[in-house]
Amino acid sequence: MKTKAPTGRGRRVAVQEREEVPPPGAEALWPIAMLRIAMELKRPGSPGLEQIIEGVAQRMGIDKAAFEKFLSENLGVLEQQARDKGYLR
């Protein structure tokens with residue numbers, strides 16, 4: 001926390017710097033993105049999973065790195081199901 005010089009009445013003002021935080025609600029888009037990925041995987045002739053994730057993240061304005069981290073930590077099931085169904089290329 002930084003402190004500024006006294007104001008006109010002899011008070012000091014504390015200034016707190018903000019750290020980079022994703023906008024509120026960014027994580028709320030992840031389930032929607034997962035649904036879009038699943039729908040895209042079902043299309044005949046769809047690209048591979050990596051290309052689909054990249055395209056969905058770009059179109060939705062999602063931070064791809066954070067979304068991929070979420071997927072890798074919580075949703076390995078998505079990739080396994082896609083592999084089992086033969087959707088991965």
Side-chain angles (χ1 to χ4, degrees):
M1 190 174 305
K2 295 182 180 179
T3 328
K4 286 188 172 181
T7 59
R9 296 186 178 172
R11 296 184 207 156
R12 294 182 89 60
V13 177
V15 178
Q16 187 174 4
E17 293 182 18
R18 292 185 180 190
E19 60 183 67
E20 267 312 298
V21 178
E27 294 170 353
L29 293 176
W30 293 350
I32 297 167
M34 289 175 45
L35 178 60
R36 289 184 178 187
I37 290 167
M39 290 171 44
E40 184 70 29
L41 281 170
K42 292 188 92 170
R43 285 187 180 172
S46 67
L49 183 58
E50 282 299 314
Q51 292 84 7
I52 292 172
I53 291 172
E54 186 172 334
V56 168
Q58 185 178 26
R59 286 190 300 275
M60 292 183 68
I62 294 174
D63 177 17
K64 183 180 177 230
F67 181 58
E68 284 181 328
K69 181 179 178 190
F70 169 77
L71 288 175
S72 69
E73 289 175 353
N74 300 300
L75 301 168
V77 175
L78 175 66
E79 187 172 323
Q80 185 59 44
Q81 287 178 349
R83 185 175 288 114
D84 292 347
K85 302 264 183 186
Y87 297 139
L88 290 181
R89 293 177 182 27

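Residues Ala33 and Phe67 approach most closely at CB-CZ, 3.7 Å, considering heavy atoms. The shortest heavy-atom contact between Ser46 and Leu41 is OG-O, 3.5 Å.
Judged as a salt bridge (charged side-chain N to carboxylate O under 4.0 Å, His left out), not a single pair has a partner in residues 28-37 (not counting sequence neighbours).
Looking at Lys64, Arg59, Met60 one by one, the single match for side chain to side chain contact (heavy atoms under 4.5 Å, CB included) with Ile62 turns out to be Met60.
Glu50 pairs by the salt bridge (Lys or Arg N to Asp or Glu O under 4.0 Å) definition with nothing, not counting sequence neighbours.
Residues Leu71 and Met34 meet the side-chain proximity criterion, which asks for heavy atoms closer than 4.5 Å.
Cluster annotation: Ile32 is connected to Trp30 through the hydrophobic network of ILVMFWY side chains, with a link wherever side-chain heavy atoms come within less than 4.5 Å.
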Stepwise side-chain contact (heavy atoms from CB on, under 4.5 Å) test for Glu40 and Val56 | CA-CA 9 Å; Glu40 184 70 29; Val56 168; 5.5 Å; no
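Taken from CD1 in Ile52 to CE in Met39, the straight-line distance is 11.5 Å, to the nearest 0.5 Å. To the nearest 0.5 Å, the span separating NZ on Lys69 from CG on Asp63 amounts to 10.5 Å.
For Gln51, the CD atom sits in a packed shell: over 12 heavy atoms of surrounding residues, nucleotides or ligands are nearer than 6.0 Å.
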